[in-house]
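First the structure, in the form of structure tokens, and then the observations on it.
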Amino acid sequence: MSKLAFEARDYGFSEYVTAKNWIGGEWTQSASGKTEEVFNPRYGKAMGSVVFSGAKDVAAAFEAASKAQPGWADLPTRERAQVMYRLKYLMEENLDELSWLLSHENGKTFGQAKAEVMKGIECVEFGASLANQADGGQLDVSRGVNCRTIYEPVGVVAGVTPFNFPTMVPLWMIPQALVGGNAFLLKPSERTPYGAMRLAELLKEAGLPDGVFNLVNGGKEAVEALCDHEGIGALGFVGSTPVAQIVYERASKTGKKVVCLGGAKNHLVVVPDADRELSSSNIVASFTGCAGQRCMAAAVLLAVGDVQHIIDDVVSQASELVAGKDIGAIVTPESRERILGYIDEAEKEGFTIAVDGRGQGPDGDGWWVGATVIDHVEPGARCATEEIFGPVLSIIRVDTLEEALAIENASPFGNAAAIYTTSGDIAERAVRRFQAGMCGVNIGVPVPREPFAFGGWNDSKFGHGDITGWDGFAFWTRPRKVTTKWALQSDQTWMS
Ligand code: NAD
């Protein structure tokens with residue numbers, strides 16, 4: 001049993017160890033000696049603390065990683081992938097522990113935490129499958145001449161992740177990067193550092209050599225050091241749009257491969273022929289799941305024509321959800337104030353607060369907002385255009401599909417968009433016109449599952465390529481192109 005094992009198996013408050021750095025297979029303090037508290041949002045109370053790292057810690061982690069990486073890269077892909085098989089097994093064995101830990105540090109309900117861990121396991125499974133898939137292809141391109149591609153590791157690479165999926169988002173990156181032969185430096189969110197700590201331990205238990213995976217905890221300073229480090233060859237970032245843009249620009253200056261996924265304002269379109277039950281329950285699940293703190297959450301419902309019956313169902317289902325039971329906590333008091341600010345402003349602007357989540361939540365010092373539906377919103381309103389990142393749905397009424405598409409297209413974000421309809425023609429027209437990288441038909445959280453890749457467009461992503469599935473493997477590797485000729489051909493062509 002690991003010394004980090006998290007004993008709690010319910011919502012009761014529980015303390016945890018200090019989140020340190022994991023460098024070369026050992027827990028270490030940061031060079032600065034600085035720490036900050038980590039809160040359990042359900043209680044609004046510190047459950048532990050996290051070290052704050054800077055350039056010295058990044059340099060130490062880089063050194064450990066660059067020592068370990070060549071030996072790791074020398075192993076055949078199939079051997080590297082064995083670690084992912086064992087990690088999958090260990091995560092399944094420790095599913096409850098990982099899920100409760102996640103629920104405690106992030107505030108999500110146990111059910112949603114478990115769903116996150118299981119989605120993380122799916123990412124690990126994809127990494128394991130690379131053992132049989134990661135061939136680069138080859139072809140005799142001319143008489144006596146063969147071309148082939150070999151996916152080579154980049155070397156030492158880094159990932160920076162947000163608070164809202166502390167276990168799954170690191171696993172969007174780690175399996176492909178490690179099976180690809182890299183050594184990895186992870187900088188988790190300072191608000192939720194514990195899931196990654198358990199992953200570090202489980203990776204070791206799964207047989208990963210020391211130094212191949214390292215954790216550097218902290219905030220902005222640690223991220224800046226990762227961006228500036230000349231030796232780190234690739235950096236993946238997931239977080240808010242303003243930070244994604246800063247990180248993309250800063251990290252690109254050192255010639256790294258960089259992909260930065262940012263924030264979102266996702267639009268769902270519902271038309272009169274939509275299935276009433278499927279649409280309403282799916283819309284509610286999309287905007288309230290994880291308390292709206294997910295980049296794929298519905299934010300705006302574009303109600304086309306007479307869909308009052310569906311809106312009535314959305315309102316009645318959302319009213320029944322209970323913050324603290326069905327809806328998890330909000331990550332910080334500042335986030336809660338930001339969300340409440342948007343609702344207050346919408347009310348002042350005269351929009352209808354059809355479901356009011358203000359003042360909801362269990363007794364105590366936790367940070368809560370209940371499901372909120374704001375109806376008859378004007379398209380340019382702040383609640384309809386800015387990322388709220390809470391369980392809030394703004395409904396805009398329009399007469400035609402064209403009007404709905406124009407509003408969706410005008411958003412600077414481009415993460416996800418979906419349409420609810422029973423018409424293949426309408427579905428296809430909408431999907432082809434959305435300004436979003438991930439589109440759904442009758443599904444409000446259109447997450448592409450492995451082997452498909454995850455990534456938005458426009459202000460929801462900076463850089464090239466996507467982050468999961470095959471595209472993730474392409475991002476964390478470099479294709480070497482080899483052209484071979486063994487003998488002079490008597491019937492040679494210009495290419496021979
Ligand atoms: P955030 O941008 O505040 O933080 C993300 C990471 O960046 C953290 O590790 C943090 O320590 C670091 N960071 C924060 N400020 C920084 C700065 N000035 N310079 C350098 N690094 C900095 O995001 P968050 O609040 O943790 O997460 C929520 C955001 O992430 C939302 O906007 C959400 O839409 C987005 N998100 C996007 C996706 C996606 O796939 N597009 C997925 C999950 C979350």
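Computed from a predicted structure; not experimentally measured.
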*asked:* Applying side-chain hydrogen bond (donor to acceptor under 3.5 Å, both in side chains) to Asp365 and Tyr43, what does each step give before you reach the verdict?
replied: CA-CA 5 Å; Asp365 296 327; Tyr43 290 88; over 6 Å; no
*Intermediate values then yes/no, side chain to side chain contact (heavy atoms under 4.5 Å, CB included), Arg80 and Leu178*: CA-CA 7 Å; Arg80 295 195 297 255; Leu178 294 188; over 6 Å; no
*Can Arg397 and Gln308 be said to form a side-chain hydrogen bond (donor to acceptor under 3.5 Å, both in side chains), step by step?*
CA-CA 10 Å; Arg397 311 271 185 148; Gln308 189 57 46; 2.7 Å; yes
*Test side chain to side chain contact (heavy atoms under 4.5 Å, CB included) on Leu401 and Leu405 and set out the steps.*
CA-CA 6 Å; Leu401 179 62; Leu405 291 172; 4.0 Å; yes
*Decide yes or no on side chain to side chain contact (heavy atoms under 4.5 Å, CB included) for Trp457 and Met438, but give the supporting numbers first.*
CA-CA 8 Å; Trp457 289 357; Met438 293 173 280; over 6 Å; no
*Please report the C-alpha distance between Leu268 and Phe287 in whole Å, then the side-chain angles of each, then the deciding distance to 0.1 Å, and finally whether the side chain to side chain contact (heavy atoms under 4.5 Å, CB included) criterion is met.*
CA-CA 10 Å; Leu268 304 184; Phe287 88 89; over 6 Å; no
*asked:* Apply side-chain hydrogen bond (donor to acceptor under 3.5 Å, both in side chains) to residues Thr422 and Asp275 and explain how you reach the verdict.
replied: CA-CA 7 Å; Thr422 49; Asp275 183 280; over 6 Å; no
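Looking only at distances, no side-chain donor or acceptor of Asn182 sits under 3.5 Å from a matching main-chain atom of Val157.
Atom CG in Leu393 sits 9.0 Å away from atom CD1 in Ile311 (nearest 0.5 Å). Going from atom CD1 of Ile353 over to atom CD of Glu347 covers 5.0 Å, rounded to the nearest 0.5 Å. Put simply, CD on Glu37 and CD on Glu190 are 13.5 Å apart, with the number rounded to the nearest 0.5 Å. If you take CG on Leu340 and OG1 on Thr372, they are separated by 8.0 Å, rounding to the nearest 0.5 Å. Atoms OH and SG, on Tyr248 and Cys260 in that order, are 8.0 Å from each other to the nearest 0.5 Å. Between Leu261 atom CG and Thr161 atom OG1 the span is 12.0 Å, to the nearest 0.5 Å.
When side chains are defined from C-beta on, Arg9 counts as touching Asp96, because their heavy atoms get closer than 4.5 Å. Side-chain contact between Ile395 and Val300 is absent, with no heavy-atom pair separated by less than 4.5 Å. Side-chain contact between Met91 and Leu199 is present, with heavy atoms from C-beta onward closer than 4.5 Å. Side-chain contact between Gln293 and Phe163 is present, with at least one heavy-atom pair separated by less than 4.5 Å. Looking at Leu235 and Val247, their side chains come closer than 4.5 Å, going by heavy atoms from C-beta outward. Within the 4.5 Å cutoff, side-chain heavy atoms of Met296 are placed close to those of Val447. Within the 4.5 Å cutoff, side-chain heavy atoms of Leu301 are placed close to those of Val270. Side-chain contact between Pro162 and Ser189 is absent, with no heavy atoms from C-beta onward closer than 4.5 Å.
Side-chain polar atoms of Gln435 and Asn458 form a donor-acceptor pair below 3.5 angstrom. Using modelled atom types and a 3.5 Å distance limit, the side chains of Asp273 and Thr421 yield a donor-acceptor pair. Side-chain contact annotation: Thr332 with Ser335, donor-acceptor N/O pair under 3.5 Å present.
Considering all non-hydrogen atoms of both residues, Ser99 and Lys114 come closest at OG-CA, 3.4 Å. Across all non-hydrogen atoms, the minimal contact from Ala323 to Pro362 is O-CD, 3.6 Å. Closest heavy-atom contact between Ser53 and Asn21: OG-ND2, 2.9 Å. Here the shortest heavy-atom pairing between Lys187 and Ala222 reads CG-CB, 3.9 Å. Here the shortest heavy-atom pairing between Ala427 and Ile419 reads CA-CG2, 4.0 Å. Between Glu450 and Cys123 the shortest heavy-atom distance is OE2-SG, 3.5 Å.
In this structure, Phe454 has its ring center under 6.0 Å from that of Trp172. Annotation: Phe6 is in aromatic contact with His104 [ring centroid separation under 6.0 Å]. Between Trp100 and Phe110, the ring center distance clears the sub-6.0 Å criterion.
Checking each of Val169, Val216, Leu226 against Val160 for a side chain to side chain contact (heavy atoms under 4.5 Å, CB included) leaves exactly one that passes, namely Leu226. Of the residues Trp476, Trp470, Phe475, the one that meets the ring pair (Phe, Tyr, Trp, His ring centres under 6.0 Å) test with Phe473 is Trp470. Checking Val38, Asp57, Leu186, Val51 one by one against Asn217, the side chain to side chain contact (heavy atoms under 4.5 Å, CB included) holds for a single residue, Val51.
Lys348 and Glu345 are not joined by a salt bridge, as no carboxylate oxygen comes within less than 4.0 angstrom of a charged side-chain nitrogen. Using a cut-off of 4.0 Å between Lys/Arg side-chain N and Asp/Glu carboxylate O, Lys265 and Glu386 are scored as not salt-bridged. Using a 4.0 Å cut-off between a side-chain N of Lys or Arg and a carboxylate O of Asp or Glu, Lys220 and Glu224 qualify as a salt bridge. No salt bridge links Lys88 with Glu93; every basic N to acidic carboxylate O contact stays at or beyond 4.0 Å. At a threshold of 4.0 Å, the pair Lys34-Glu221 counts as salt-bridged, since one of the basic side-chain nitrogens sits closer than that to a carboxylate oxygen. Ionic pairing of Lys204 and Asp210 is present here: one or more N-O contacts between side-chain nitrogen and carboxylate oxygen are shorter than 4.0 angstrom.
Annotation: cation-pi pair Arg42/Tyr11 present, NZ/CZ under 6.0 Å from the ring centroid and within 45° of its normal. The side-chain tip of Lys119 does not point at the ring of Phe165 from less than 6.0 angstrom away and within 45° of straight on.
For Trp367, the ring-ring contact (aromatic ring centres under 6.0 Å, His included) test picks out Phe39, with sequence neighbours left out.
In this structure, Arg449 places its CZ atom where only 12 or fewer heavy-atom neighbours from other residues, nucleotides or ligands lie under 6.0 Å away.
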